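Presented below is the structure to which this report refers.
FYI, side chains are in, hydrogens and waters are out, and symmetry mates aren't considered; it's all heavy atoms of this structure. Count residues from 1 along the sequence. Quick caveat: nothing in here was measured; it's all calculated off a predicted structure.
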Amino acid sequence: MITLDPHVVLVTLESPSRAAMLLRDGGYLVTKVDPDEALLAVASLAPDAMVVELTAFRLVSFLRSLDRAQPEVPALVITMAPSLFHARQAIDRRDIETELVNAVDRMLADAHPMTMPA
């Protein structure tokens with residue numbers, strides 16, 4: 001269930017992270033983690049979503065591990081090659097200023113559709 005302050009785990013090596021700042025400004029609670037700690041963080045924190053900002057090479061390996069360990073957690077990919085990740089929700093790294101928060105909002109809405117009472 002989505003809380004009033006949706007919690008997003010941001011997997012990145014960037015420090016400081018522009019994506020983290022944009023998500024926080026957009027009303028998200030953000031926990032920034034290193035890729036090596038991300039799967040444990042997701043398991044223990046139970047976030048509403050994950051945003052992954054890694055190189056394309058690292059993304060492939062990381063997403064395989066995520067799919068095996070936590071397939072139910074929606075994940076948005078930030079990459080310079082979004083077309084490589086057509087099976088995932090992905091945005092171009094150059095567009096995070098204008099697209100990141102809206103993309104996460106849409107991903108959460110798709111992952112947790114509201115049900116109307118009967």
Side-chain angles (χ1 to χ4, degrees):
M1 174 157 80
I2 298 177
T3 59
L4 291 179
D5 296 319
H7 184 198
V8 174
V9 168
L10 173 64
V11 181
T12 186
L13 294 172
E14 303 270 327
S15 188
S17 169
R18 182 74 180 140
M21 187 174 67
L22 290 167
L23 289 167
R24 287 182 181 118
D25 287 349
Y28 286 94
L29 170 63
V30 178
T31 302
K32 195 174 120 192
V33 297
D34 183 90
D36 296 331
E37 301 166 2
L39 296 179
L40 289 174
V42 169
S44 65
L45 297 172
D48 297 299
M50 178 180 285
V51 175
V52 185
E53 181 180 28
L54 299 170
T55 63
F57 180 73
R58 283 195 80 169
L59 266 171
V60 170
S61 174
F62 179 82
L63 292 173
R64 284 185 186 139
S65 297
L66 177 64
D67 286 343
R68 284 192 301 273
Q70 300 287 332
E72 71 283 354
V73 177
L76 175 78
V77 173
I78 300 172
T79 178
M80 291 298 282
S83 63
L84 294 177
F85 299 93
H86 56 82
R88 292 263 176 196
Q89 294 195 37
I91 63 170
D92 193 301
R93 181 182 173 95
R94 295 166 288 211
D95 297 330
I96 67 169
E97 298 285 336
T98 58
E99 293 186 23
L100 179 59
V101 172
N102 287 334
V104 174
D105 289 346
R106 284 190 309 273
M107 179 179 63
L108 284 172
D110 290 345
H112 306 283
M114 295 180 67
T115 55
M116 299 300 290

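Applying the salt bridge (Lys or Arg N to Asp or Glu O under 4.0 Å) test to pairs two or more places apart or on separate chains, those with a residue in residues 54-75 are Asp36-Arg58, Asp67-Arg88. Among pairs with a residue in residues 95-104, those fulfilling side-chain hydrogen bond (donor to acceptor under 3.5 Å, both in side chains) read Arg18-Glu97, at least two apart in sequence or across chains.
Across Leu22 and Val101, no two heavy atoms sit closer than the pair O-CG2, 3.4 Å. The two atoms that bring Gln89 and Met107 nearest to each other are OE1-CB, 3.3 Å, heavy atoms only. Of all heavy-atom pairs spanning Pro74 and Ala111, the tightest one is CG-CB, 3.7 Å.
With sequence neighbours excluded, the residues that form a salt bridge (Lys or Arg N to Asp or Glu O under 4.0 Å) with Asp92 are Arg94. Taking Ala46 as the reference, nothing meets the side-chain contact (heavy atoms from CB on, under 4.5 Å) condition, with sequence neighbours excluded.
Clustering ILVMFWY residues whenever any of their side-chain heavy atoms sit less than 4.5 angstrom apart, transitively, puts Leu63 in the very cluster that holds Val33. In the hydrophobic clustering of this structure, Val30 groups with Ile96; members are Ile, Leu, Val, Met, Phe, Trp, Tyr whose side-chain heavy atoms approach within less than 4.5 Å, directly or through other members. Put simply, Leu40 and Val73 are part of two different groups of oily side chains (I, L, V, M, F, W, Y) that touch within less than 4.5 Å, one to the next. When the side chains of ILVMFWY residues are joined at heavy-atom separations under 4.5 Å, either directly or via intervening members, Leu108 and Ile78 end up in a single hydrophobic cluster.
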Tell me which donor-acceptor pairs under 3.5 Å the side chains of residues 8-17 have, and how far apart each pair is, sequence neighbours excluded?
{"from": "Thr12", "atom 1": "OG1", "to": "Glu14", "atom 2": "N", "distance (Å)": "3.0"}
{"from": "Thr12", "atom 1": "OG1", "to": "Glu53", "atom 2": "OE1", "distance (Å)": "3.3"}
{"from": "Glu14", "atom 1": "OE1", "to": "Arg93", "atom 2": "NH2", "distance (Å)": "3.3"}
{"from": "Glu14", "atom 1": "OE2", "to": "Arg93", "atom 2": "NH2", "distance (Å)": "2.8"}
{"from": "Ser17", "atom 1": "OG", "to": "Ala19", "atom 2": "N", "distance (Å)": "3.4"}
{"from": "Ser17", "atom 1": "OG", "to": "Ala20", "atom 2": "N", "distance (Å)": "3.1"}

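Between Pro47 and Val42, the closest side-chain pair of non-hydrogen atoms falls below 4.5 Å. Taking the side chain as every heavy atom from C-beta outward, Pro35 and Leu54 approach each other to under 4.5 Å.
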Please assess Tyr28 against Asp48 for the test side-chain contact (heavy atoms from CB on, under 4.5 Å), listing each intermediate value before the final yes or no.
-> CA-CA 10 Å; Tyr28 286 94; Asp48 297 299; over 6 Å; no
